[in-house]
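Worksheet for the structure shown next.
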Protein chains: 2
Amino acid sequence: MEEYLARIGPADEAAMRAATQRQRLLTKPAGSLGVLEDLSVRVAGMTGGAAGVPAPAVVAVFAADHGVHAQGVSPWPQEVTAAMLANFAAGGAAVNAFAANNGVDVRVVDVGVATDVDELDIVHAKVRAGTRDLSVGPALTADEVLAAVRVGFELADQLVADGYRCLLTGDMGIANTTASAALIATFTGATAADVTGRGTGIDDATLAHKTEVVRAALDRHEVPASDPLSALAAYGGLEHAALAGYILGGAANKVPVILDGVIAGAAALVAQALHPAVVEYCVAGHRSAEPGHAVALKALGLQPLVDLDLRLGEGTGAVLAYPILTCAVRALAQMATFESAGISSG
Amino acid sequence: MEEYLARIGPADEAAMRAATQRQRLLTKPAGSLGVLEDLSVRVAGMTGGAAGVPAPAVVAVFAADHGVHAQGVSPWPQEVTAAMLANFAAGGAAVNAFAANNGVDVRVVDVGVATDVDELDIVHAKVRAGTRDLSVGPALTADEVLAAVRVGFELADQLVADGYRCLLTGDMGIANTTASAALIATFTGATAADVTGRGTGIDDATLAHKTEVVRAALDRHEVPASDPLSALAAYGGLEHAALAGYILGGAANKVPVILDGVIAGAAALVAQALHPAVVEYCVAGHRSAEPGHAVALKALGLQPLVDLDLRLGEGTGAVLAYPILTCAVRALAQMATFESAGISSG
């Protein structure tokens with residue numbers, strides 16, 4: 001872990017100053033590209049002002065199962081996680097359609113699916129077959145947490161070595177909004193009621209039960225915000241740990257990391273607690289309908305690019321936002337200046 | 001005009017029902033793609049359920065000047081309109097960068113630029129060299145209005161004949177937010193103060209003056225909402241008239257029309273007043289920072305896809321939204337169903 005964290009540094013301030021300067025010279029009224037101007041400056045800081053847009057891009061979909069599923073927090077059977085992995089591998093899921101549309105490659109990673117998925121053509125990095133039930137004890141051991149973080153960090157290293165210049169987060173795991181809620185409450189001080197939501201669709205009674213499961217788990221484990229690895233051990237999930245590692249790995253490699261929804265938001269809070277500078281490399285792809293996500297984004301200080309009531313996960317919100325990021329960067333890189341175009345700047 | 005309007009009919013309800021049905025079968029929790037699910041159903045209604053995504057796409061940037069510029073409503077010299085046309089033609093503007101990024105072609109149309117731009121490689125369809133000053137009399141004659149509407153409608157016909165399956169709106173014209181404000185007030189009943197904004201950037205004193213110009217023009221011309229052609233004659237602009245024709249032409253050809261910002265919103269209100277069904281073919285690309293735009297979108301009943309404080313125009317907001325539309329359509333077209341993927345639907 002120390003070795004990973006030592007590779008992370010702050011964004012490049014000189015590159016950000018240069019980008020801010022260039023924004024002022026471009027053939028448009030100052031500020032008229034709104035959020036995209038700041039975004040282009042942030043990306044310059046991440047990459048050190050690398051030429052061109054951050055491409056190609058890849059979305060890594062980390063999949064795992066959750067012992068707390070036994071508590072009835074989701075209407076979906078646990079086997080759906082593995083079935084959806086087969087669907088990802090066959091190209092039939094929403095994230096496949098979005099990724100094909102937006103020129104993003106997809107990597108699916110089994111970091112802890114309960115079912116055997118050995119036959120699928122995906123990245124096999126199972127740390128254990130699902131977490132233990134966070135409502136009765138720790139979800140993971142300290143070693144399991146580190147192993148899952150390593151899966152994410154090393155995948156980020158490998159993807160950048162393969163030529164990718166933008167890393168998007170994705171996730172799949174029935175019941176993973178429960179672990180997300182506990183993590184977000186841990187790092188933000190929000191209550192279980194503030195951060196527990198309907199996931200992909202539960203009724204009022206199940207929501208009340210799920211909220212109580214989260215509240216009781218927070219009471220049982222009492223992990224301080226200053227101890228992110230213990231929080232992962234207490235609540236899981238394996239995909240959250242891998243995502244935290246992947247986000248750290250993106251920052252270590254100085255490439256933009258586009259976060260998807262509430263699972264990524266929880267993982268980013270873990271990564272931020274491990275190294276505060278990591279957030280300088282994160283872009284919030286979208287705001288999900290899950291209430292904990294807005295709480296997480298606020299704590300991360302990130303403004304989402306897309307806000308269209310998505311609550312699917314898989315990386316769909318991150319993939320949807322990718323062309324917005326590349327538009328912002330391309331405008332900064334390719335637009336004429338008032339001087340080069342021979343236009344009076346008013 | 002009658003001939004144009006006779007070609008417009010309602011969206012295809014059978015195609016929308018089929019799309020709604022298929023959404024329910026796809027491998028995701030019902031509703032989890034949020035706004036994109038409704039969008040995919042709307043597009044099916046526009047195209048009659050045409051196979052594949054609406055591609056290729058083109059953004060038509062209609063450019064014109066405004067006599068009211070003489071009243072000091074903008075800090076920019078009028079010559080900037082023509083200079084920006086040269087910038088578009090050279091590929092140096094924001095809309096060029098966004099369009100290149102998102103695979104959208106650009107057509108630039110002079111429908112009424114005050115300066116001579118004959119040497120540029122653009123579509124030359126100048127109706128007159130800028131409008132008359134709306135603060136001292138009608139901006140256009142009835143014949144000029146019809147000629148400009150025809151430019152837009154016939155360009156839409158031509159673009160669809162050329163193979164384009166999605167039409168995006170763009171605009172360029174120094175002082176065109178003033179005419180937009182007067183049009184939006186006419187069709188929504190909003191006050192001049194509600195709909196007049198800072199455009200691409202004016203100070204408080206200029207905003208107060210601009211608002212008074214709009215207020216006085218509304219008093220002077222007193223055009224009822226039921227007379228859209230007279231509203232175009234009273235206030236212009238030539239690009240608003242052409243955009244109204246282009247939007248009508250998109251609807252007549254049953255292709256999605258992605259609206260950019262406040263100028264397109266004003267033109268869409270004109271088109272809606274001419275034929276209410278036209279809105280069924282419109283998608284709001286984004287919400288601009290200009291206050292009249294939110295008022296226009298509300299009256300049109302459209303929800304913007306992107307909301308990132310853009311206030312540039314040119315079509316930038318529409319181009320930014322195009323991949324969101326194609327993602328929505330591609331998910332509907334290409335995702336597996338629970339049955340085809342062999343997954344329990346919970």
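Predicted, not measured: the structure shown is a model, and the values here were computed from it. The chains referred to below are lettered A, B, ... by the order of the sequence lines, with proteins before strands, and numbering in each begins at 1.
- In terms of heavy-atom pairs under 4.5 angstrom with chain B, the leader among A/Gln303, A/Glu37, A/Met84 is A/Met84.
- For the atom pair CG (A/Leu312) and CG (B/Leu33), the distance works out to 5.5 Å, reported to the nearest 0.5 Å.
- At a threshold of 4.5 Å between non-hydrogen side-chain atoms, the residues A/Tyr322 and B/Pro323 do not count as touching.
- For B/Ala30, the part sitting under 4.5 Å from any heavy atom of chain A is the backbone (N, CA, C, O) and nothing else.
- For the set A/Ala97, A/Gly92, A/Gly34, A/Cys327, the entry with the most heavy-atom pairs within less than 4.5 Å of chain B is A/Cys327.
- For chain A, the nearby part of B/Asn102 is the side chain; its heavy atoms alone come within less than 4.5 Å.
- Atom-to-atom distance recorded for A/Gln334:CD and B/Phe98:CZ is 11.5 Å, nearest 0.5 angstrom.
- Residue B/Ala90: no heavy atom, backbone or side chain, is found under 4.5 Å from chain A.
- Expressed to the nearest 0.5 Å, how far CD of B/Glu314 lies from OG of A/Ser32 amounts to 7.5 Å.
- In this structure the side chain of A/Asp307 never reaches within 4.5 angstrom of the side chain of B/Asp307, judged on heavy atoms.
- For CG of A/Asp203, the number of neighbouring non-hydrogen atoms (other residues, nucleotides, ligands) closer than 6.0 Å is greater than 12.
- Between chain A and the options B/Val53, B/Val319, B/Val35, heavy-atom pairs under 4.5 Å are most frequent for B/Val35.
- Other residues, nucleotides and ligands contribute only 12 or fewer heavy atoms inside 6.0 Å of the CG atom of A/Asp121.
- Under a cut-off of 6.0 angstrom, the local environment of CD in A/Glu339 is sparse, with at most 12 non-hydrogen atoms contributed by other residues, nucleotides or ligands.
- For the pair B/Ala83 and A/Ile343, the tightest heavy-atom approach, listed with the atom from each and the gap, is CB-CG1, 3.6 Å.
- When B/Asp309, B/Leu310, B/Val306, B/Thr316 are each tested for a side chain to side chain contact (heavy atoms under 4.5 Å, CB included) with A/Leu36, only one passes: B/Leu310.
- For B/Ala331, the parts lying under 4.5 angstrom from a heavy atom of chain A are both the backbone and the side chain.
- Nearest heavy-atom pair, A/Ala93 versus B/Thr27, reported as atom, atom and distance to 0.1 Å: CA-OG1, 4.3 Å.
- Taking B/Gly31, B/Ala289, B/Ser74 one by one and counting their heavy-atom pairs under 4.5 Å with chain A, the maximum is reached by B/Gly31.
- Taking every heavy atom of both residues into account, B/Leu308 and A/Leu305 meet most closely at CD2-O, 3.6 Å.
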